[in-house]
Amino acid sequence: MARQGMAMALLVVGLAAGCWESANAAAMLSQLKPTLAVTASPTPNQVLHGGEDVITVTWSLNATAGTDAEYKKVKVSLCYAPVSQKGREWRKTHDDLKKDKTCQFKVTEQAYAATGTVEYRVALDIPTATYFVRAYALDASGTQVAYGQTLPGATFDVISITGVTTSIKVAAGVFSTFSIASLAFFFFIEKRKKNN
Ligand SMILES: *[C@@H]1O[C@H](CO)[C@@H](O)[C@H](O)[C@H]1NC(C)=O
C-alpha cells in the first residue's frame, strides 16, 4: 500500500515536471518570426553615456510578416553587438533563448500593442560596449514568439561612468589612508618633541 502510494506520488511529480517542461518550452531565435519592425533613436555609432543619455525605441507590427493574435507582451532589451561579444563567453549568443546572453539589459516589458514607443535612460550599470536593440513579442505563457531588432544596421556605443566612479573611490581611499598616516606621523612627532 505504502509502495503504491509512493509510485503514485512519483507519477504525479513526473507529470507535473512534464507539464512544466512543455509550458516552458525553449524558444529558438531562428524559429521566431521577425514580425516587429524596431527602431532606436541613436544615429549609427553614436556614443551614449550611462545615467545621462536617453534613447527612444519604437516598434510596430509588420503585418505582411505575420499576425499578432497570440502576442500578450512586448519585451525590449539592449543587446551586445557582435563586436562586443568576441572572446567573451558570458555575452555569447545561443539560439536557445534560455541560454542566450546577447540581450541582458531590459529596457521595458509591457502589454502588447501593435505599435509602441518607449523612452529609456541608459542605466548606470550598462557596461561600456557596442549595442543594438531587440524587441520580443511574448505569448500568454511568457515565451518569445516573435521579434524584431535594429541589427544589422544600427548599433551604438555606451560609455559607462562606473569606471570613473571606481577610480574616484580608489583615489578617495588612497587619500584618506594617506591623511590618517600623516595624522599619526605628526602625532608621533609632537609626542617626541614633548618628551624631549
Ligand atoms: C515586412 O515583412 C516583409 C515580409 O517578411 C518584408 O519583406 C518587409 O521588408 C518587412 N518590412 C519592414 C518595414 O520591416
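Order of appearance sets the numbers: ligands from 1, and atoms from 1 within every ligand.
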For ligand 1, output the ligand-protein N/O contacts shorter than 3.5 angstrom; if there are none, return none.
residue	atom	partner	partner atom	Å
ligand 1	2 (O)	Asn62	OD1	3.4
ligand 1	2 (O)	Asn62	ND2	2.3
ligand 1	2 (O)	Thr64	OG1	3.2
ligand 1	11 (N)	Asn62	ND2	2.8
ligand 1	14 (O)	Asn62	ND2	3.3

Relative to each other, are the rings of Phe105 and Tyr80 parallel, tilted or perpendicular (30° and 60° limits)?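 Answer is perpendicular, since the angle exceeds 60°.
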Would you say the side chains of Gln85 and Thr93 form a donor-acceptor pair under 3.5 Å? yes
Between Thr58 and Thr39, is there a side-chain donor-acceptor contact under 3.5 Å, judged purely by atom types and distance? yes
Sole candidate of Val158, Val47, Ile55 that passes side-chain contact (heavy atoms from CB on, under 4.5 Å) when paired with Pro42: Ile55
Considering non-hydrogen atoms only, spot the tightest contact between Asp68 and Ala114 and give its length. OD2-CB, 4.1 Å
Backbone N/O of Val133 and side chain of Thr150: donor-acceptor pair under 3.5 Å: yes
